[in-house]
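Let me begin by presenting the structure, written as structure tokens, before commenting on it.
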Amino acid sequence: MREPDSFGEPALKALFAGDFHIGAAVNPRTMKTQEQLLRHHFNSITAENEMKFESLHPLEEVYRFGAADELVSFARKHKLAMRGHTLVWHNQTSDWLFQDGHGASVSKEVLLDRLKSHINTVVGRYKNDIYAWDVVNEAVADEGEALLRRSKWLDIAGDGFIAKAFEFAHEADPGALLFYNDYNESNPLKRDKIYTLLKSLLDQGVPVHGVGLQAHWNLYDPSLDEIRTAIEKYASLGLTLQLTELDMSLFRFDDRRTDLKEPPAELLELQAERYAAVFKLLREYKDVISAVTFWGAADDYTWLDHFPVHGRKNWPFLFDEQHRPKAAFDRLLQE
Ligand code: HXH
């Protein structure tokens, strides 16, 4: 691993200082193993898992804030901005929330009361530290005619759960920027559905301020044209945009190459070109994009090690397994 005093290269956050915040997802382990890298290159963090419902609120009467609080203290100590992720999602959400004491479904009223109480507690607790929240994550359906995905939220509360979540969050912290966050955000079909959802929320006067483009991308998808069209379409709603979970895998989603121990040089070169082209495009839209957060920081740890292909290294970031700048970082320096 690099020595702590070896970070001589210009900081990523300085390269984009006039453009947007540069963030990274962190967890209690990477907060330690990647501390120097995080402090040198980034000016924002997001908790990878520690603020999800099941992490914070495992039982109705039990909140566990320990891990989340550690990350918040880290951000405070090192003067990093912090995004909150996430209040309403169909995954990593405790079962008790949707059930009564006998395991039967609760009513819409009970579910929304519980949601209000959760949001009040969590958003209220971090009011002074978290400037933006992913209020609702991944509520839109990938395929088919339906706008919203099937979930316990939708089954029990109907489509009004989304507006309610934003209203509760706004009440709990009127100063926070509130985001709708989703993946496949540049895919034309999903993009149009996300747009439709956001437009309808805005038309109803719901306090939604931004759209989070997760940006789980790879060398081949989505195309620059698709990214551009998505940005323009969301921005036309007057919302602020953030890339919330950027990674750029060397492989297509279903590529099964689990045998590689090192990233192929020609793919690192393609990754450098791809990152340069993407950041050039993002800079064109700096007036509407306020932050770019990577879903990790360096190639020694990424959720992609386990998804979608278990055991496949993806090498998605600008820094390698030793936290050294990769070709993609050097290329951004030259832009
Ligand atoms: C994100 N989901 C989450 O927002 C974040 O909280 C988590 O830590 C990592 C990634 C991305 C995601 C979306 C869908 C998905 C898996 C991950 O599942 C499928 C995607 C495509 C096809 C089938 C399932």
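Whatever order the structure lists ligands and atoms in, that order sets their numbers, starting from 1.
Closest to atom 17 (C) of ligand 1 by heavy atom, among W295, Y183, W303, W89, is W303.
Nearest protein heavy-atom neighbour of atom 15 (C) of ligand 1: F307 CZ, 3.8 Å. The nearest protein atom to atom 4 (O) of ligand 1, hydrogens excluded, is given as E245 OE2, 2.8 Å; this is a heavy-atom distance. When hydrogens are left out, the protein atom nearest atom 22 (C) of ligand 1 is F253 CZ, 4.0 Å; that is the closest non-hydrogen contact.
No N or O atom of N181 sits closer than 3.5 Å to an N or O atom of ligand 1. Residue contacts with ligand 1: H216 is placed with no nitrogen or oxygen under 3.5 Å of a nitrogen or oxygen of the ligand (distance criterion only). Geometrically, ligand 1 and H85 share a nitrogen or oxygen pair separated by less than 3.5 Å.
Counting non-hydrogen atoms of neighbouring residues, nucleotides and ligands closer than 6.0 angstrom, the NZ atom of K199 reaches no more than 12 such neighbours. Applying the 6.0 Å contact sphere to NZ of K164 captures no more than 12 heavy atoms from other residues, nucleotides or ligands.
Under the 30°/60° scheme for interplanar angles, the aromatic rings of F16 and F279 are found to be tilted.
Side-chain atoms of E321 and W315 form a donor-acceptor pair, as typed in the model, at a separation below 3.5 Å. With 3.5 Å as the limit, one finds no donor-acceptor pair spanning the side chains of N43 and H21.
Counting heavy atoms closer than 4.0 Å to ligand 1, residue Q92 contributes nothing at all.
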